[in-house]
2 protein chains.
Amino acid sequence: MDAGEQTVPVWLRERRAGVGRPAERSRAEVTAAAITLADREGLAAVSMRRVAAQLGTGAASLYRYVASRDDLLDLMADEVAAGYNLPTPGGPWLTGLLEVCRQGRELMLRHRWLPELVLTRPTLGPHGVDLLEHVLAVLAEHPADTAHKMEAFAIMNTLTAALALNELSTTSGTRHRQGAYLAHAVAAGQHRHLAAALAGASLVPAAPAERFEDTLSKILTGLLGAA
Amino acid sequence: MDAGEQTVPVWLRERRAGVGRPAERSRAEVTAAAITLADREGLAAVSMRRVAAQLGTGAASLYRYVASRDDLLDLMADEVAAGYNLPTPGGPWLTGLLEVCRQGRELMLRHRWLPELVLTRPTLGPHGVDLLEHVLAVLAEHPADTAHKMEAFAIMNTLTAALALNELSTTSGTRHRQGAYLAHAVAAGQHRHLAAALAGASLVPAAPAERFEDTLSKILTGLLGAA
DNA sequence: ATCGTTCGCGAACAGTGTTCCCGAATGGGT
DNA sequence: ACCCATTCGGGAACACTGTTCGCGAACGAT
């Protein structure tokens, strides 16, 4: 009967009543296994078969808990968002927002697969909604209208993810590819300003945490006005 | 002999001299076919087999022009970046940067798969380097140091992609899923501020182009100071 | 005509997400 | 105690995917 229910998000499709054989695992267990796997071997390693193996079951069984792999990814992202430790709002709004960003960055450095998920499928699950509620609370006294506050929330999250991703690529080897071609392009002669810029100081500045907060502080101030 | 050359980016691995059987196609042709396919059916449809079919050849032949699918994606992104029409720098820097953002947004609305690529694999190819050179030229008189200018460039691109992605999801059906759960969460009672916010005006404001430029203008001003 | 080299690409490999369909397990109703 | 609707577990299969191997064909230079 429920043919076109695919439009309903994951979080609204929950367990039915206690009739029939009881499930041996839970959606939370599946999500946790996927997160463990992603932490250890990256997002690409999160295949249905490998998650199932991690749980000691067959791949097809996972579909009792999750409608698709994409569902599972959404669940992973929202589950990590449970890690925010949100203080009761109070004090200047900029301080409150920066604290959210700071914690977001730490979550993303701890789970290196998160930025990609946040950037490409910005979905709001239960914990994401809680986060949004908190941000709106922090901005309660702020004169901006709703649309601007929502936009600030989205930009905050996106930028936190993008900066974290950038920071992570600096650590791993991904970045060297870019540097190699950049050097080549500069050596080729064109690109006057680029050559001048690269002649200066190092491109990887120290104290990424401070730089991160400084950057986001400036951007949020630009978006919402001075505190 | 060249065992570990995989670290070299795509753009440095070019065609050798004219010895042996000449190639029937070119790297540019392969890239163009992939772009056509992505424009018509999305990024997921860009598989080696389908790109090859589009060209009327076998899948394995593509590896004569491209080392991997990821290479092909990098080529696609940089090829589209050739579409920037960069005016000779002059006038206020903010105007110059906003013009770059405006063109970026249009490219991304024309190629709906671009934002995802820009966000998840921010690689600089030849045209990307040209763009960076242009931005540095626009900022030539600006007092900020190199690191800050580079960061501004990265943030500009990321944000353009993120806002474009958001704009695209508003059009397609992806967004309704989120709305559905948001409504559910609000109806559940908690989330005081969220309920108040959603009681206000519509969430999808009109005139996205103006809003886009306004937002980026504020952010760039916050980052680099008032013009 | 021969040789070194490159190209095209069918076939195969190891993996993927997902669906089908089965037998097994369960708990409520009688 | 039995039955039976209902759910769960999961092997097998399908339609794909990216990538490698190796062979025959095509060329430029000698």
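So that the names make sense, note that chain A is the first sequence line, chain B the second, and so on, each numbered from 1. Any value given below was found using the heavy atoms of this structure, including those in side chains, with hydrogens, waters and symmetry copies removed.
- In this structure, OH in Y181(B) is found 12.0 Å from CG in D74(A), a value given to the nearest 0.5 Å.
- To the nearest 0.5 Å, atoms CG (N85(B)) and CD (E99(B)) are separated by 8.0 Å.
- With sequence neighbours left out, the ring pair (Phe, Tyr, Trp, His ring centres under 6.0 Å) criterion links H111(B) to W113(B).
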Protein-to-nucleotide contact annotation, 5' to 3' order, nucleotides 22-30 of chain C [B base; S sugar-phosphate only; - none; under 4.0 Å, heavy atom]: -BBBB----

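- Here dC8(D) presents its C1' atom at 14 Å from CD of E29(A), a figure rounded to the nearest Å.
- With hydrogens and angles disregarded, a donor-acceptor distance shorter than 3.5 Å links the side chain of H127(B) to the backbone of D78(B).
- The phosphate of dG17(C) has neither OP1 nor OP2 within less than 4.0 Å of any side-chain N or O from Y63(A).
- Counting to the nearest Å, the P atom of dC7(C) and the CZ atom of R27(B) are 12 Å from each other.
- Atoms CD1 and OG1, from I155(B) and T160(B) in turn, are 11.0 Å apart once rounded to the nearest 0.5 Å.
- Side-chain atoms of Y65(A) come within 3.5 Å of backbone atoms of R25(A) as a donor-acceptor pair (strictly under, hydrogens ignored).
- Rounded to whole Å, the distance from CG on L62(B) to P on dT19(D) is 11 Å.
- Here CG of D130(A) is found 9.0 Å from CD of Q190(B). Values are rounded to the nearest 0.5 Å.
- Once rounded to the nearest 0.5 Å, the distance linking NE2 of H193(B) with CG of L198(B) reads 13.5 Å.
- Legend: residues meeting side-chain hydrogen bond (donor to acceptor under 3.5 Å, both in side chains) with R50(A), ordered by chain and number and at least two apart, are E41(A).
- The closest donor-acceptor contact from the side chain of R110(A) to the backbone of D39(A) lies at 3.5 Å or more, if one exists at all.
- By the 6.0 Å contact criterion, CZ on R121(A) is enclosed, its count of non-hydrogen atoms from other residues, nucleotides or ligands being greater than 12.
- Side chain of E133(B) to main chain of L194(A): a donor-acceptor pair is present (N/O by atom type, distance under 3.5 Å, no hydrogens or angles).
- Put simply, CG on L72(A) is 10 Å from P on dG17(C), counting in whole angstrom units.
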Could you list the protein-to-nucleotides 11-17 of chain D atom pairs, N/O on both sides, closer than 3.5 Å?
residue	atom	partner	partner atom	Å
dT17(D)	OP1	S47(B)	OG	3.0

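- Contacts between residues 113-121 of chain A and DNA chain C, defined by a heavy-atom separation below 4.0 Å, involve no residue at all.
- At a cut-off of 3.5 Å, with distance as the only test, a side-chain donor of T215(A) or E151(B) sits close to an acceptor on the other residue.
- The stretch residues 34-43 of chain B has no heavy atom under 4.0 Å from DNA chain C, so no residue of it qualifies as close.
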